[in-house]
**Q** 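Below is one structure. I have some questions about it.
Quick note: residue numbers are just sequence positions, from 1. None of these values were measured; they are calculated from a predicted model.
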Amino acid sequence: MNWIILIIAGLFEVGFTSCLGKAKETSGTESYFWYGGFLVSLILSMVLLMKASQSLPLGTAYAVWTGIGAVGTVLVGIYIFKEPATFWRIFFIITLIGSIVGLKAVSSH
C-alpha cells in the first residue's frame, strides 16, 4: 500500500511542476488558479511522501518520488508544453525509469 501512496505522491509532484508551467503561460486571475493548484499539489505530494516514508526506507522513497516527478514532468513537458523529444532525453528518461524499477525490486518492503 505504501508503494501506491508513494506513486500518488510522485504524480502530485508532476502536478505541482505542471501547474508552475501553466502559471508561467497565463496572466491575471487564471495564473492565480494555477498557483493555487501548485500549492494544493505540493501539500498533497509532501504529505503522501511523509506517509510513505514512515514504512519505506527514506532514501528509496525520496529517490522514487523524485524519479516519478522527473519522468512525469519531462513527459508533460513533451506532450503539453511541446518541449523537444530528442534521442538523448528519451534515452535518459528510460534509464531513470529503469533505476526506479530497480529500487523497487531491491527494496525489502
**Q** Tell me which donor-acceptor pairs under 3.5 Å the side chains of residues 31-42 have, and how far apart each pair is, sequence neighbours excluded?
**A**
{"from": "S31", "atom 1": "OG", "to": "G28", "atom 2": "O", "distance (Å)": "2.7"}
{"from": "S41", "atom 1": "OG", "to": "G37", "atom 2": "O", "distance (Å)": "3.0"}

**Q** As an exercise, state the distance from CG of N2 to CD1 of I7, rounded to the nearest 0.5 Å.
**A**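 Atom-to-atom, N2:CG and I7:CD1 are 11.0 Å apart.
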**Q** Please report the closest heavy-atom contact between A9 and S45, naming both atoms and the distance.
**A**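 Closest heavy-atom pair between A9 and S45: O-OG, 2.9 Å.
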**Q** Clusters formed by hydrophobic residues whose side-chain heavy atoms approach within less than 4.5 Å: which one holds F87, and what are its other members?
**A**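 Reading the cluster by chain and number, F87 sits alongside W88, F91, F92.
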**Q** Between L11 and V64, is there a shared hydrophobic cluster once you connect ILVMFWY residues whose side-chain heavy atoms come closer than 4.5 Å?
**A**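 Yes; tracing contacts between hydrophobic side chains, which count when under 4.5 Å, links both residues.
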**Q** Which atom pair, heavy atoms only, marks the closest approach of V76 to S18?
**A**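 The answer is CG1-OG, 3.3 Å.
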**Q** Please list, chain by chain and in numerical order, all residues satisfying side chain to side chain contact (heavy atoms under 4.5 Å, CB included) with I8, sequence neighbours excluded.
**A**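 With neighbours one apart ignored, the set is I4, F12, L48.
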**Q** For the residue pair L58 and S53, what are the closest heavy atoms and their distance?
**A**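 Heavy atoms of L58 and S53 come nearest at CD1-CB, 3.8 Å.
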**Q** Under the side-chain hydrogen bond (donor to acceptor under 3.5 Å, both in side chains) test, which residues partner E83, sequence neighbours left out?
**A**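 For E83 the side-chain hydrogen bond (donor to acceptor under 3.5 Å, both in side chains) partners, ignoring immediate neighbours, are R89.
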**Q** Tell me the salt bridge (charged side-chain N to carboxylate O under 4.0 Å, His left out) pairs involving residues 53-62, sequence neighbours left out?
**A**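 Every pair satisfying salt bridge (charged side-chain N to carboxylate O under 4.0 Å, His left out) with a residue in residues 53-62: there are none.
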**Q** Please list, chain by chain and in numerical order, all residues satisfying salt bridge (Lys or Arg N to Asp or Glu O under 4.0 Å) with K22, sequence neighbours excluded.
**A**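 With neighbours one apart ignored, the set is E25.
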**Q** Using the rule that two of Ile, Leu, Val, Met, Phe, Trp, Tyr join whenever any of their side-chain heavy atoms come within less than 4.5 Å, decide whether F81 and L75 are in one cluster.
**A**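 No.
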**Q** With sequence neighbours excluded, tell me which residues meet side chain to side chain contact (heavy atoms under 4.5 Å, CB included) with A85.
**A**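 With sequence neighbours excluded, A85 shows a side chain to side chain contact (heavy atoms under 4.5 Å, CB included) to I78, I90, given in chain and number order.
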**Q** Suppose clustering is done on Ile, Leu, Val, Met, Phe, Trp and Tyr with side-chain heavy atoms closer than 4.5 Å. Which residues sit in the same group as I43?
**A**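 For the cluster that includes I43, the remaining residues are V47.
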**Q** What pairs meet the salt bridge (charged side-chain N to carboxylate O under 4.0 Å, His left out) rule with one or both residues in residues 60-74, with sequence neighbours excluded?
**A**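 Checked against salt bridge (charged side-chain N to carboxylate O under 4.0 Å, His left out) - neighbours excluded - no pair reaches residues 60-74.
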**Q** Quick one: list whatever passes side chain to side chain contact (heavy atoms under 4.5 Å, CB included) with A52, sequence neighbours left out.
**A**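 Result, side chain to side chain contact (heavy atoms under 4.5 Å, CB included) vs A52: I5, L6, L56.
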**Q** My understanding is that only residues two or more places apart in sequence, or in another chain, count here; which of them pass side-chain hydrogen bond (donor to acceptor under 3.5 Å, both in side chains) with T73?
**A**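 By the side-chain hydrogen bond (donor to acceptor under 3.5 Å, both in side chains) rule, T73 matches T17.
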**Q** State yes or no: do I100 and L49 share one hydrophobic cluster built from I, L, V, M, F, W and Y residues joined by side-chain heavy-atom distances below 4.5 Å, directly or via other members?
**A**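 Yes.
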**Q** Where do G67 and L96 come nearest, in terms of heavy atoms and distance?
**A**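 Where G67 meets L96 most closely, the heavy atoms are O-CD2, 4.1 Å.
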**Q** Can you name the closest pair of heavy atoms from E13 and G69 and give their distance?
**A**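 Distance-wise, the nearest heavy atoms are OE1-CA, 3.3 Å.
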**Q** If the condition is ring-ring contact (aromatic ring centres under 6.0 Å, His included), which residues does Y62 pass it with, not counting sequence neighbours?
**A**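 Only W65 meet the ring-ring contact (aromatic ring centres under 6.0 Å, His included) criterion with Y62.
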